[in-house]
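Report on one structure; see the data block that follows.
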Amino acid sequence: MKRLTYLLAATALSASGAVAETWDMPMAYPATNYHTENGVAFAECVKGATGGALEIVVHPNGSLFSGNDIKRAVQTGQAPIGERLLSAHANENPIFGVDSIPFLATSFEDSAKLLAAAKDAVAAALDEQNLVYVYSVPWPPQGLYLKKEVNSVADMAGVKFRAYNAATARIAELAGMVPVQIEAAELSQALATGVADSFISSGSTGVDSKVWESLTHFYDVQAWLPRNTVFVNKDSFGALDDAGKAAIMECGATAAAAGEARARELTAGYLKTLAENGMTVAEPSDALREGLKGFGATMTAEWIAAAGDTGKAVIDAYLAQ
Ligand code: PCA
């Protein structure tokens, strides 16, 4: 299979007559998700900008590498480029979790400010891992999905909770829930089989996973906006000519803006779709919000302690904007 791809790639000629190169791009979310559609548009942009010399082929839904394996695959050169929810790797470097600190940045505006403050530090952390930062796009604000009404964090105790990173697992722990780490691609099945009965995520993932088939309530907590980040293997990037490098970075800047605009546009519609399919979509009660904010305060302090001077500088720069 590898050999065939190589032969096909080697025989394809670009508009300029140069031999075209093909890059596989593993992504973790469904083909119809806006992150994936944006990745496909990014690939088209690169193809156009390089006159066909660099063709990026998106593999959605964890089909080439599962979400949790994508970053390592790109670090080791098994794939030249990929997209990953970086906060799922906060155990490797706390800076990767900067976008998942509850109630630090809760709107698209603040998410953009947080990225402006954190981008250099995130890019430097990726660089240490043989990766080049290209672009990132936020998910809509994160809310709480359950199969019962809850009015305080105490009501969440004992519930089986799907986590997607260390921060969501920590929330589960603070609430006395039982965390289980599950990729979005396996979420529907986990809910259907009772492996998990609740989770925190966006309306986007709730709709992708048709969670109304298993769950009943969505509380629009707007706790944080995690990001998917696209990165390239440093050696693969280094092997590109200047035009190829410029195409990746310029198309990446376009994709960052287009992806965020799309997320903003789609956010309200996701919640409408949840409600249309029978879910109760509600604001959290004051007690629930306060309880979750208390977890946020604990986790902000924990993150700053873990992320040291770099983390403190990022938070200070964010708050100063
Ligand atoms: N969807 C992804 C991460 C954040 C989000 O909104 C997920 O649930 O896996």
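Note that ligands are numbered from 1 as they come in the structure, with each ligand's atoms numbered from 1 the same way.
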message: I need the atoms of ligand 1 closer than 4.0 Å to a non-hydrogen atom of Pro226, numbered in the order shown.
response: 4 (C)
- prompt: Does ligand 1 have a heavy atom under 4.0 Å from the side chain of Glu183, from its backbone, from both, or from neither?
  reply: neither
statement: Contact region, Tyr29 to ligand 1, non-hydrogen atoms below 4.0 Å, reads side chain
task: Provide the closest heavy-atom pair for Trp23 versus Pro80 in the form atom of the first, atom of the second, distance.
output: CG-CG, 3.4 Å
- prompt: What residue and atom, counting heavy atoms only, is the protein's closest point to atom 1 (N) of ligand 1, and at what distance?
  reply: Thr205 OG1, 2.6 Å
Shortest protein heavy-atom distance from atom 5 (C) of ligand 1, along with the residue and atom involved: Ser201 OG, 3.1 Å
query: Which bit of Leu187 is near ligand 1, meaning a heavy atom under 4.0 Å away: side chain, backbone, both or neither?
result: neither
field: Carboxylate-amine/guanidinium proximity below 4.0 Å for Arg264 and Glu260
entry: yes
field: Protein contact to atom 6 (O) of ligand 1 [nearest heavy atom, distance to 0.1 Å]
entry: Ser202 OG, 2.6 Å
task: Report yes if the side chains of Gln129 and Phe96 come closer than 4.5 Å at any heavy-atom pair, otherwise no.
output: yes
statement: Numbered in order shown, the ligand 1 atoms found under 4.0 Å of a heavy atom of Ala184 are 9 (O)
message: Strictly distance-based, threshold 3.5 Å: is any side-chain N or O of Ser202 a donor or acceptor partner for the main-chain N or O of Pro140?
response: no
- line: If we number the atoms of ligand 1 from 1 as shown, the ones under 4.0 Å from a heavy atom of Gln142 are 4 (C), 5 (C), 6 (O)
field: Geometric N/O contact Arg162 with ligand 1, under 3.5 angstrom
entry: yes
- prompt: Parallel, tilted or perpendicular: which describes the rings of His35 and Tyr29, with under 30° parallel and over 60° perpendicular?
  reply: tilted
Heavy-atom side-chain contact between Lys71 and Leu126 under 4.5 Å: yes
message: Could you check whether Glu173 pairs with Arg170 (Lys NZ or Arg NE/NH1/NH2 to Asp/Glu carboxylate O, under 4.0 Å)?
response: yes
